[in-house]
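What follows is one structure encoded as structure tokens, with my remarks underneath.
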Amino acid sequence: MSAEREPSFDLKLLCFRAVRTHFFALGERAVAVLPRGLLEELQPHLTVYQLDHLQSALNSRGVSTFSAWRSILRDIRGPAHVLEVKSEGEAKTQVMNALFPSVLYNYKSDFIRRNLSNLNTVQFLCAAARSVSFFIVRNQAEALRRLTEEQRLVLDLLERHVTSVGVYKSLDPRKAENLLALLVLHRLLDHGLTRRVLFKARCPHTLAWILHERGPHTRDMSDGKTLETSALCLGRSSCSVEEQGPLCKRPRLELRAGVSCPRRHIQSLELRQCEQDCLRVLLQALPSWSCLRSLALENTTLWDSSAVEELIQALQRLSSDPGGGLTELTVSPLSSASLLEELLEACPRLLSCSVEVQNITGLSETQVPPGPQNHHPFLLQKLSVSLNQQLSPGLQLSSLLQRCPQLSSLHVSGLRLRSGASHGQLLNTLTECCRSLSRLHLEDMNLSDCLLDVLQLLSRCQLQELQLKDCRLLEKWSNKEKSLHRLSTALSEHKTLNTLSLAHNRIARHVPVLAQLFSDDPHSALQHLDLSSNFIQPGELLEFSQRLQVLRPSRRITLDLRKNPGDRDTHTWSLALSSLAPFCRLLVEDWTSTNTMADHISNM
């Protein structure tokens, strides 16, 4: 009777598992001195906390943890999410921000279930809290009880690292069950570094509690029925986290009568689903809120005209304060494009403005004089205007841009013109009046008759980022390849342009012409090219790759080819990608041709 064969074990794998099991008994220094090759192989076998703990030591030896963090992130969020993650720090931050709230609030994904014993610890939560800058306060009593008692160290770390807080559900201060949530929110706002609030709860009482005493005249809407919130905690500890000793000996946060905590400034407020009740609370606080610098108001329905007028008046009063005035404003949706200029007039210190217009009634069909008379220039540096597929002559936008000589970033989406009109005037205004423009995003606009205007803009402006997305560039070109060659030449010779998007332009079989963008022109600065959703067939991409092989560019440009029908001929598509790999950092994903065809037809 022959002896049974013993199962074969991989000795290296057993060693890696032993390191994981006895990591802290071995010690960081003992692990970090392993040969670099072994350290790279070891990383996938470590827990998230161990990888974080070891990262500094590995980096000091020139060993990157980027691949390990990226692999964890792919496991948590899927392969598409990691395509544009470019650094070790970014990958780690995204992993920690994905895991921290899920572990804290007991949301169990597949990854968390597999690794629960290593994640559901105070040590991991502390490590993750150091990477968390945005935290959502949810009214989950048991999770918040732990956070204010045995996990107090985690809350201390959140106070030191969280700069933005989210309130998505009502935390009505008149109800006792919300006390713990309000306590945590108070600690972050008034004892921590949080200066930005994202508010999505449809509860004016919660908003009033947050805004109370942020300005000298902020009114309290509680009618005397609110919980006692002026003495929610013991106050900030005078010693550091390291000096406070073991967790079990730290004092829990408690209510204490007669204690008044400070009310720190909120500098940024974003109100989602901002309905009339919440808007009224804001309007009461706004005129005296001199520390507020950024305000975003978004709603699913249009505000009535009186509410918008009240907002403009409140902004004017805020701006009249020598120490007050917004620098960033977002409002969506507006009922009239003419309100944009009124908002800018009300906020003369505004540097960034973003609006969405759903029903354009304020644009006149008569031509506006080429230069505004007796109008002061705006300080605006960033402007974003999204329009809701309405016909307009677009001339008022050109007039507005003439008042923005310091504009560095512009995004315009959905601007429609009546038959016979052209966006050439808009482009010419940018060329002549906005010489500081470095970032231009034009989306869902017909630029097919504006090639000369685009070329002139490229020759005069020092753009760093250009997006011409769904702009139907080739639609009216009689000789598409020749015109595309002219555009490619101008783009490849541009000295400052590093990011270019031509997505959704139905370039399709003309894509080989764009190989010229990869030429080793000494003036070219291009680093990222987006050709996604252009209905590029495998054979066309193969020809594109063959032209690159002839050019053999020394610069490795990031090339985005997502949402193109590679599955029409997977062999040819794979061959093309293999040929491109030495010259490009490819961004690709699985995409079915039926979806691509539906997307292509919907934009025809």
Side-chain angles (χ1 to χ4, degrees), residues 64 66-67 70-71 74 78-87 466-469 473-474 480-494 497-597 599-600:
S64 172
F66 179 43
S67 179
R70 200 167 180 264
S71 178
R74 184 187 298 109
H81 190 84
V82 302
L83 288 174
E84 298 193 41
V85 177
K86 298 178 181 177
S87 69
L466 175 63
Q467 180 185 92
L468 303 176
K469 181 179 179 181
L473 291 176
L474 283 64
K480 291 179 171 50
E481 295 221 353
K482 182 178 179 181
S483 298
L484 191 58
H485 184 270
R486 291 183 64 186
L487 178 60
S488 300
T489 300
L491 291 167
S492 64
E493 294 175 351
H494 202 283
L497 187 68
N498 57 56
T499 302
L500 172 65
S501 174
L502 300 176
H504 290 268
N505 275 293
R506 309 172 196 117
I507 293 173
R509 66 178 182 275
H510 305 292
V511 68
V513 178
L514 296 179
Q516 184 178 356
L517 293 172
F518 290 75
S519 65
D520 277 332
D521 190 295
H523 301 303
S524 179
L526 192 63
Q527 299 174 6
H528 188 110
L529 174 62
D530 184 358
L531 296 179
S532 60
S533 300
N534 267 297
F535 208 68
I536 299 170
Q537 300 272 12
E540 296 152 1
L541 186 66
L542 182 61
E543 184 180 347
F544 175 82
S545 69
Q546 291 168 346
R547 294 199 185 187
L548 279 195
Q549 286 181 316
V550 174
L551 292 171
R552 303 198 68 79
S554 58
R555 291 179 300 116
R556 202 161 181 261
I557 295 176
T558 298
L559 178 61
D560 192 339
L561 292 170
R562 286 174 287 189
K563 298 185 180 179
N564 282 297
D567 65 334
R568 295 294 180 89
D569 183 345
T570 55
H571 174 73
T572 303
W573 184 261
S574 298
L575 184 61
L577 293 180
S578 299
S579 300
L580 288 170
F583 311 112
C584 311
R585 178 178 177 268
L586 295 170
L587 299 181
V588 291
E589 63 182 2
D590 293 334
W591 185 250
T592 61
S593 58
T594 52
N595 289 342
T596 306
M597 178 60 76
D599 177 69
H600 176 68

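Here the side chain of Asp530 pairs no donor or acceptor atom with the backbone of Ala503 at under 3.5 angstrom. Here the side chain of Asn498 pairs no donor or acceptor atom with the backbone of Ala525 at under 3.5 angstrom. Put simply, the side chain of Ser71 never gets that close to the backbone of Ser67: no donor and acceptor are under 3.5 Å apart. Not one N or O on the side chain of Asn564 forms a donor-acceptor pair closer than 3.5 Å with the backbone of Gln537. A distance-only check finds no donor-acceptor pair linking the side chain of Thr572 to the backbone of Asp569 [under 3.5 Å].
By the 4.5 Å heavy-atom criterion applied to side chains, Thr489 and Gln516 are counted as neighbours. In this structure, Leu580 and Leu561 have side chains that are in contact, with non-hydrogen atoms separated by less than 4.5 Å. The shortest distance between side-chain heavy atoms of Leu541 and Leu577 falls below 4.5 Å. Two residues are said to be in side-chain contact when any heavy atoms from C-beta on lie closer than 4.5 Å; Leu575 and Leu542 meet this criterion. Inter-residue side-chain proximity for Ser579 and Gln546 is flagged as unmet; no heavy-atom pair is nearer than 4.5 Å. The side-chain heavy atoms of Glu84 and Leu587, taken from C-beta on, include a pair separated by under 4.5 Å. The side-chain heavy atoms of Leu466 and Thr499, taken from C-beta on, include no pair separated by under 4.5 Å. Between Ile557 and Phe583 there is no side-chain heavy-atom pair separated by less than 4.5 Å.
In this structure, CG on Leu517 lies 9.0 Å from CZ on Arg555, to the nearest 0.5 angstrom. Of the inter-residue distances, the one linking Arg556 atom CZ with Arg585 atom CZ reads 8.5 Å to the nearest 0.5 angstrom. Once rounded to the nearest 0.5 Å, the distance linking CG of Asp560 with OG of Ser501 reads 8.0 Å. Interatomic distance, CG of Leu497 versus CD of Gln527, reported as 10.0 Å (0.5 Å rounding). In this structure, Asn534 CG and His510 NE2 are separated by 11.0 Å, a value rounded to the nearest 0.5 Å. Distance check, rounded to the nearest 0.5 Å: CZ of Phe535 to NZ of Lys563 gives 15.0 Å.
Residues Phe66 and Lys86 share a closest heavy-atom pair of CZ-C, 3.9 Å. For Phe518 against Pro553, the heavy-atom pair with the smallest separation is O-CB, 2.9 Å. The nearest pair of heavy atoms linking Ile536 to Leu531 is CD1-O, 3.9 Å. The two residues Phe544 and Leu514 come nearest to each other via the heavy atoms CE1-C, 3.8 Å. For Pro538 against Arg568, the heavy-atom pair with the smallest separation is CD-CB, 4.2 Å. The two residues Arg70 and Val85 make their nearest non-hydrogen contact at NE-O, 4.2 Å.
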Working for side chain to side chain contact (heavy atoms under 4.5 Å, CB included), residues Leu491 and Leu526: CA-CA 8 Å; Leu491 291 167; Leu526 192 63; over 6 Å; no
Criterion side chain to side chain contact (heavy atoms under 4.5 Å, CB included) on Glu543 and Val511, from CA distance to verdict: CA-CA 9 Å; Glu543 184 180 347; Val511 68; over 6 Å; no
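Look at Glu481 and Arg486 and you find no salt bridge, because none of the NZ, NE, NH1 or NH2 atoms lies under 4.0 Å from a carboxylate O.
The closest side-chain donor-acceptor pair between Ser524 and Glu493, if any, does not fall under 3.5 angstrom.
Other residues, nucleotides and ligands contribute over 12 non-hydrogen atoms within 6.0 Å of the CZ atom of Arg74.
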